[in-house]
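Everything on this sheet refers to the single structure shown next.
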Amino acid sequence: MPIVRSVADLRSHIAGWGGARVGLVPTMGALHAGHLALVAAARAAGAERVVASLFVNPKQFGPAEDLDRYPRDEAADAAALTGAGCDLLWAPSVADMYPPGFATSIAVARLGDGLDGAARPGHFDGVAIVVTKLLLAAGPSIAVFGEKDWQQLAIIRRFVADLTLPVTIVGAPIVRDPDGLALSSRNIYLTADERQRALTLPRVLATARDAIVGGAEVAGALAEAAAAITAAGFDAPDYVALVDADLLPMTTLSGPGRLLAAARIGTTRLIDNVAVVPG
């Protein structure tokens, strides 16, 4: 699988595919089975060629976050993508993406304000600008993002529509370990004990979902979920929330919703979510 660094080389390589329908899989590396499932999802959505980008985006990390220690292993990532049938890896540098004098930002009002937006100020502005640049550089017909970052997916869909970008955004289901923990590049930070305690997050969400679908008061179910997460050894959750398709809080299950949570255990911040559909 070829690796390109510059936008010029990326576009030249894609042009050589003679108009093939291109799928883009944006990543920050440290790839796991969830990322590789995005390559398969791009194929399933009709991509004839798949490009994966590998870029640890400094603009979406806060000053106290893990930019410097975020796991990086380009050789292993390239080997994994080759095995998954990816056609091209684009691995730009920070200087390529944000050259001297770079001064542009993109903010998505309201959708980026709460949940992770409140817990990580500026995070979604960094996501919005880098994803816009990736899409404009590669010009894909399809771009695939995982549903584990549910708020991010909603924000990307919003600004792609607002900016009339000619790309179809595809959400790929969460990939989990056999015991239920959602795959994440940051799971590598967990100690053995934390890894076991982390299983509380998906289990609590499943319990809260079942309670809400069964008629339990939403506010009470959310409070019980937050208490259970804390009791398992997490810090107090950044949020446990039930939202609709527009990320607005739901006080009753009046239609399909999404139950989301974020909490830190040790040095690792985990997020997860489950669909909540009226019975």
Discussion item. Looking at every non-hydrogen atom in both residues, tell me the closest pair between Val56 and Pro58 and how far apart they are.
Written reply: O-CD, 3.2 Å
Worksheet entry | Test item: Leu115 and Trp150 side chains (from C-beta on) under 4.5 Å apart, heavy atoms | no
Fill in: Check: Ala182 main-chain N/O paired with Asn187 side-chain donor or acceptor under 3.5 Å
yes
Fill in: Euclidean distance, Glu224 CD relative to Ile229 CD1, rounded to 0.5 Å
12.0 Å
Worksheet item: Any chain of hydrophobic side-chain contacts (each under 4.5 Å) joining Ile174 to Leu181?
Response: no
Worksheet item: So, for Ile265 and Ala198, which heavy atoms are closest and what is the spacing to 0.1 Å?
Response: CD1-N, 4.3 Å
Discussion item. For Asp210 and Thr207, which I'm curious about, is there any donor-acceptor pair between the side chains at under 3.5 Å?
Written reply: no
Discussion item. Are Phe145 and Val130 linked, directly or through intermediate hydrophobic residues, by side-chain heavy-atom contacts shorter than 4.5 Å (ILVMFWY only)?
Written reply: yes
Item to complete: Measure from the side-chain N and O atoms of Gln151 to the backbone N and O of Asp116, and report whether any donor-acceptor pair falls under 3.5 Å.
Response: yes
Worksheet item: Stepwise, does the side-chain contact (heavy atoms from CB on, under 4.5 Å) test hold for Leu10 with Val51?
Response: CA-CA 9 Å; Leu10 169 71; Val51 177; 4.1 Å; yes
Response to the item:
In short, Ala263 meets Pro237 closest at the heavy-atom pair CB-CA, 3.9 Å
Worksheet item: Can you get from Ile142 to Leu136 by hopping between Ile, Leu, Val, Met, Phe, Trp and Tyr side chains that sit under 4.5 Å apart?
Response: no
Practice prompt. Please test Lys148 against Ile271 for side-chain contact (heavy atoms from CB on, under 4.5 Å), starting from the C-alpha separation and ending with a verdict.
Written response: CA-CA 7 Å; Lys148 183 168 73 71; Ile271 62 173; 3.9 Å; yes
Fill in: Side chain proximity check, His13 to Asp9, heavy atoms < 4.5 angstrom
no
Worksheet item: Any donor-acceptor pair under 3.5 Å linking the side chain of Asp96 with the backbone of Ser93?
Response: yes
Fill in: Distance-only donor-acceptor check, side chains Tyr98 and Asn57, under 3.5 Å
yes
Worksheet item: Which residues satisfy the side-chain contact (heavy atoms from CB on, under 4.5 Å) test with Val167, sequence neighbours excluded?
Response: Leu135, Pro140, Ala143, Val160, Leu165, Ile169
Item to complete: List the atom of Val213, the atom of Val276, and the distance in Å for their closest heavy-atom pair.
Response: CG2-CG1, 3.8 Å
Discussion item. Taking Ile14's backbone N and O only, do any of them form a donor-acceptor pair with Arg11's side chain (distance below 3.5 Å, no angle check)?
Written reply: no
Worksheet entry | salt bridge (charged side-chain N to carboxylate O under 4.0 Å, His left out) partners of residues 168-178, not counting sequence neighbours, each pair once | Arg176-Asp272, Asp177-Arg195
Practice prompt. Please check if the side chain of Thr132 supplies one atom and the backbone of Ala128 the other of a donor-acceptor pair under 3.5 Å.
Written response: yes
Worksheet entry | Set of residues satisfying salt bridge (charged side-chain N to carboxylate O under 4.0 Å, His left out) with respect to Asp66, sequence neighbours excluded | Arg186
Worksheet item: What closest approach, in Å, do Trp90 and Ala137 show between heavy atoms, and which atom pair accounts for it?
Response: CH2-CB, 3.5 Å
Worksheet item: Is Arg258 close to Val274 at the side-chain level, that is, under 4.5 Å between some pair of heavy atoms?
Response: no
Fill in: Pairs involving residues 228-251, ordered by first then second residue, that meet salt bridge (charged side-chain N to carboxylate O under 4.0 Å, His left out) (sequence neighbours left out)
Asp238-Arg269
Discussion item. Going by salt bridge (charged side-chain N to carboxylate O under 4.0 Å, His left out), name the residues that satisfy it together with Glu74, two or more places apart in sequence or in a different chain.
Written reply: Arg5
Worksheet item: Is there side-chain contact between Ile155 and Leu111, with at least one heavy-atom pair below 4.5 Å?
Response: yes
Discussion item. Let me confirm one number: the CG-CZ distance from Leu201 to Arg197, rounded to the nearest 0.5 Å.
Written reply: 14.0 Å
Fill in: Donor-acceptor contact below 3.5 Å, side chain His123 vs main chain Gln60
yes
Discussion item. Check for me, please, whether Leu67 and Ile188 land in the same ILVMFWY cluster - side-chain distances under 4.5 Å, paths through other members count.
Written reply: yes
Discussion item. Please report the interatomic distance NZ(Lys59) to CE(Met97), rounded to the nearest 0.5 Å.
Written reply: 10.5 Å
Discussion item. Can you give me the closest heavy-atom contact between Val204 and Ala228, atom names plus distance?
Written reply: CG2-CB, 3.7 Å
Item to complete: May I ask you to test the Asp125-Ile106 pair for a side-chain heavy-atom distance under 4.5 Å?
Response: no
Worksheet entry | Nearest-0.5 Å distance that lies between atom CZ in Arg49 and atom CG in Leu88 | 9.5 Å
Below 3.5 Å, can you tabulate the donor-acceptor pairs from side chains in residues 20-46 to any protein atom, sequence neighbours excluded?
| from | atom 1 | to | atom 2 | distance (Å) |
| --- | --- | --- | --- | --- |
| Thr27 | OG1 | Gly29 | N | 3.1 |
| Thr27 | OG1 | Ser53 | O | 2.9 |
| His32 | ND1 | Gly34 | N | 2.9 |
| His35 | ND1 | His32 | N | 3.1 |
| Arg43 | NH1 | Glu48 | O | 2.8 |
| Arg43 | NH2 | Gly85 | O | 2.7 |
| Arg43 | NH2 | Asp87 | OD2 | 2.7 |

Worksheet item: When you look at Leu260 and Val243, which way does the side-chain contact (heavy atoms from CB on, under 4.5 Å) test go after all the steps?
Response: CA-CA 8 Å; Leu260 305 99; Val243 300; 3.2 Å; yes
Worksheet item: Between atom CD of Glu147 and atom CG of Asp149, what is the distance when rounded to the nearest 0.5 Å?
Response: 10.5 Å
Worksheet item: Do Val108 and Leu153 belong to the same hydrophobic cluster, where Ile, Leu, Val, Met, Phe, Trp and Tyr are linked whenever their side-chain heavy atoms lie under 4.5 Å apart, directly or via other members?
Response: yes
Worksheet item: Under the side-chain contact (heavy atoms from CB on, under 4.5 Å) criterion, do Phe102 and Ile129 qualify, and how do the steps go?
Response: CA-CA 11 Å; Phe102 189 90; Ile129 189 62; 3.9 Å; yes
Discussion item. Less than 4.5 Å apart, side chain to side chain, heavy atoms only: is that true for Phe159 and Phe124?
Written reply: no
Item to complete: Would you confirm whether Asp73, through its side chain, and Ala76, through its main-chain N or O, come within 3.5 Å as a donor-acceptor pair?
Response: yes
Fill in: Interatomic spacing from CG in Leu54 to CD1 in Ile3 - rounded to 0.5 Å
9.0 Å
Worksheet entry | Arg110 side chain near Leu248 side chain, heavy-atom distance below 4.5 Å | yes
